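Report on one structure; see the data block that follows.
Treat the numbers as computed from the prediction; the structure is a model and nothing was measured. Counting starts at 1 for both ligands and their atoms, in listed order.
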Amino acid sequence: MGHQTSVDITTPDKAENSKAANTKTLFIKTYGCQMNVYDSERMADVLAPVGYAPVDSPDGADLVVLNTCHIREKAAEKVYSELGRIRKLKEKKAASGGTMKVAVAGCVAQAEGEEIMRRAPVVDLVLGPQSYHKLPEMIAKVSRQLGERLETDFDTEEKFDLMPATRKVDGPTAFLTIQEGCDKFCTFCVVPYTRGAEFSRPVDQIVAEARELVAQGVREITLLGQNVNAYHGAAPKLEADQFWGLGQLISHLSKIGGLDRMRYTTSHPRDMDDELINVHKHEKTLMPYLHLPLQAGSDRILKAMNRGHTYAEFKDLVAKIRAAEPELALSSDFIVGFPGESELDFKKTLEAVEEIGFASSFSFKYSARPGTPGAALPGQVPEDVKSERLARLQKLLTAQQLAFNQSLIGKTLSVLVEDTSRAGSELFGRSPYLQGTHFKGAANLIGQIVRVKITDAGQNSLRGVLEEKSL
Ligand code: 5AD
Ligand code: SF4
């Protein structure tokens, strides 16, 4: 689960690499969720000591990594068309006497393995999400033409143990992966197959990484996991043989001086335990924003999706969380056109959205993923019906998002300043509810939490004025 975006990771590590005599260039293109964004940063980290410096174009790069997403069919297809473009660049580089290596990482790599190299011979290397620490070795092997080019077995524990301890951060916000994989087996989803079984990192490791991020100026950390609230990591050494849940972990991390804001994503409704809900009540570093996918409003469809809860149970859960944190803004994921979804079932999704009210949402047409139980179900919904339902759902969700943003006009929100705006003369930061917020102010406020009175609200962002005595 998670937000689906496409981001180029080009965080440079010039200081470190300027030391390397033979600097090579690395271009990483990231598809999909925040977990992939995090993984791309870690790949750049692991390659820095062997001389790879990030660049922001694949043209002429020594190594091109596509960190892929498999969650919907379109996402996987985009990778193949990008590989077509990369092939031309590889040929161009070869014509001028150079070599470009091409690696496909991430969930498409995990799911399709050798098939990728058959379909796109431009690819030199395929590696699944648990093998990134072995990248330098694998690249060396490709260079020596040893032919061992596949590395998609699951070994999560090793991945985290062998990643370099040092992370380079860029700005006051950072992601931190605390959990990977998923055992929920929703019938539409590839994640349990591509990312494997649930694995939680030990508390000590997470605390050390968080402290290091804070020491580099990070003030907001988003804890990441495919099913993050299923977190059950080994307790610190003193409490050997015990496991902590996400609530306890967040309370503990909140004590790190300088770490002012925390978020976590993505959660499954069935794993929202009372301890975590209580943390929303008592821990003010935890932002009043929760991404909690509902997927569908009809109990029949929820059952076919193997979500493990009814709509009434979701509604009760939301009431409980809102009682603990009345300021909470909810976001969600929805799928329309799951096999067997009738017009009546779909209307229940619309009713659920009306009833609960979401501050923002992601909604998708069901896309049959080979190998998942959903793909083999009878009653696949025709494409035009899916499109029509998606349009109706998005109209409602968009209206709710705009209404929520507009309800903030006149209020003063705390904003963590991340950067200057594109226009240059303004600052950009995020509200507690994650909206991008634009306002006038001096660049020395970057990295600070300021108070901004909201004067305007659009679909995707807010605008406001800096309050006096803001700091
Ligand atoms: N088809 C459509 N949407 C999907 N998602 C996951 N798998 C599929 C699929 N096969 C959506 C879910 C999930 C989000 C990250 O992507 O809504 O929560
Ligand atoms: Fe996929 Fe369901 Fe696991 Fe989320 S909870 S990653 S949708 S199987």
Side-chain angles (χ1 to χ4, degrees), residues 1-6 31-37 68-78 106-108 110-111 129 156 177-200 224-232 246 264-272 290-298 301-309 314 317 330-341 346 349 352-353 358 360-377 380-381 383 385-387 389-390 393-394 397:
M1 303 190 293
H3 301 183
Q4 304 297 305
T5 49
S6 179
Y31 300 83
C33 63
Q34 285 135 329
M35 182 78 77
N36 269 9
V37 174
T68 62
C69 172
H70 196 252
I71 202 141
R72 287 174 293 278
E73 193 181 1
K74 249 195 197 157
E77 281 311 312
K78 270 194 212 160
C107 295
V108 171
Q110 185 66 48
T156 318
T177 294
I178 64 166
Q179 180 276 340
E180 275 203 57
C182 184
D183 294 334
K184 288 282 186 288
F185 289 94
C186 300
T187 53
F188 53 81
C189 186
V190 286
V191 165
Y193 311 94
T194 57
R195 290 271 171 171
E198 215 154 11
F199 169 83
S200 294
L224 292 183
Q226 259 90 32
N227 187 7
V228 74
N229 57 347
Y231 177 80
H232 57 288
L246 182 58
Y264 60 95
T265 199
T266 289
S267 298
H268 192 292
R270 286 193 62 189
D271 293 318
M272 283 307 294
L290 177 64
H291 185 66
L292 196 64
L294 172 58
Q295 314 292 5
S298 147
I301 297 300
L302 285 171
K303 188 154 195 275
M305 287 176 164
N306 193 32
R307 291 291 288 175
H309 62 80
F314 184 89
L317 174 65
L330 260 188
S331 79
S332 201
D333 290 339
F334 297 94
I335 295 176
V336 302
F338 186 79
E341 186 188 71
F346 171 65
T349 300
V353 171
F358 294 94
S360 77
S361 283
F362 299 86
S363 46
F364 312 100
K365 288 192 270 190
Y366 172 68
S367 133
R369 311 307 294 124
T372 61
L377 285 177
Q380 299 287 329
V381 176
E383 207 51 33
V385 176
K386 286 190 217 171
S387 302
R389 287 183 189 163
L390 186 67
L393 176 60
Q394 289 189 336
L397 292 170

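- Ring planes of Phe358 and Phe314: tilted class, angle from 30 to 60°.
- Within the 6.0 Å centre-distance limit, the rings of Tyr193 and Phe185 are counted as a close aromatic pair.
- The contact set between ligand 1 and Ile71, taken as ligand atoms under 4.0 Å from a residue heavy atom, comprises 6 (C), 7 (N), 8 (C), 9 (C), 10 (N), 15 (C).
- Within ligand 2, counting atoms from 1 as listed, the ones closer than 4.0 Å to a heavy atom of Cys186 are 2 (Fe), 5 (S), 7 (S), 8 (S).
- Only the side chain of Phe364 comes within contact range of ligand 1, with a heavy atom under 4.0 Å; no backbone atom does.
- Contact atoms of ligand 2 toward Cys189: 1 (Fe), 6 (S), 7 (S), 8 (S) (distance under 4.0 Å to a heavy atom of the residue).
- Residue-level proximity to ligand 2 for Asn227 is absent, since no heavy atom of it falls below 4.0 angstrom.
- Salt bridge status for Glu341 with Lys386: absent, with no side-chain N to carboxylate O gap under 4.0 Å.
- Here the OG-CG distance, from Ser267 to Leu290, works out to 5.5 Å after rounding to the nearest 0.5 Å.
- Between the side chains of Ser200 and Gln179, no donor-acceptor pair is found at a separation under 3.5 Å.
- Looking at Arg369 next to ligand 1, no N or O pair under 3.5 Å apart turns up.
- Taking the charged nitrogens against the carboxylate oxygens, Lys184 and Glu198 have no contact shorter than 4.0 Å, which rules out a salt bridge.
- Of all the heavy atoms of Phe185, the ones lying under 4.0 Å from any atom of ligand 2 belong exclusively to the backbone.
- For atom 3 (N) of ligand 1, the choice among Val336, Ile335, Thr266 with the nearest heavy atom turns out to be Ile335.
- The atoms of ligand 2 that sit less than 4.0 Å from any heavy atom of Phe188 are 7 (S).
- The side chain of Pro192, and not its backbone, has at least one atom closer than 4.0 Å to an atom of ligand 2 (non-hydrogen atoms only; side chain from C-beta on).
- Atoms of ligand 2 lying under 4.0 Å from any heavy atom of Lys184, numbered from 1 in the order shown and given with element: 3 (Fe), 5 (S).
- Residues Lys74 and Ser367 bring no donor and acceptor atom of their side chains to less than 3.5 Å of each other.
- Judged by the 6.0 Å and 45° rule, Arg369 forms no cation-pi pair with Phe188.
- The 12-atom threshold is exceeded at CD of Glu77, counting heavy atoms of other residues, nucleotides or ligands nearer than 6.0 Å.
- The distance from atom CG of Leu390 to atom NZ of Lys365, rounded to the nearest 0.5 Å, is 6.5 Å.
- Residue side and main chain included, Cys182 places no N/O/S atom under 2.8 Å of atom 2 (Fe) of ligand 2.
- Close approach of ligand 1 to Lys365 is summarised as follows: ligand atoms under 4.0 Å from at least one heavy atom of the residue are 1 (N), 2 (C).
- For atom 1 (N) of ligand 1, the nearest non-hydrogen atom from the set Ala296, Gly32, Ser367 belongs to Ser367.
- With ligand atoms numbered from 1 in the order given, ligand 2 contributes 5 (S) to contacts under 4.0 Å with heavy atoms of His268.
- Between Asp333 and ligand 1, at least one pair of N/O atoms sits closer than 3.5 Å.
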Criterion side-chain hydrogen bond (donor to acceptor under 3.5 Å, both in side chains) on His291 and Ser331, from CA distance to verdict:
CA-CA 5 Å; His291 185 66; Ser331 79; 2.5 Å; yes
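- Residue Arg307 places a heavy atom less than 4.0 Å from ligand 2.
- Below 3.5 Å of separation, one finds an N or O of Phe188 facing an N or O of ligand 1.
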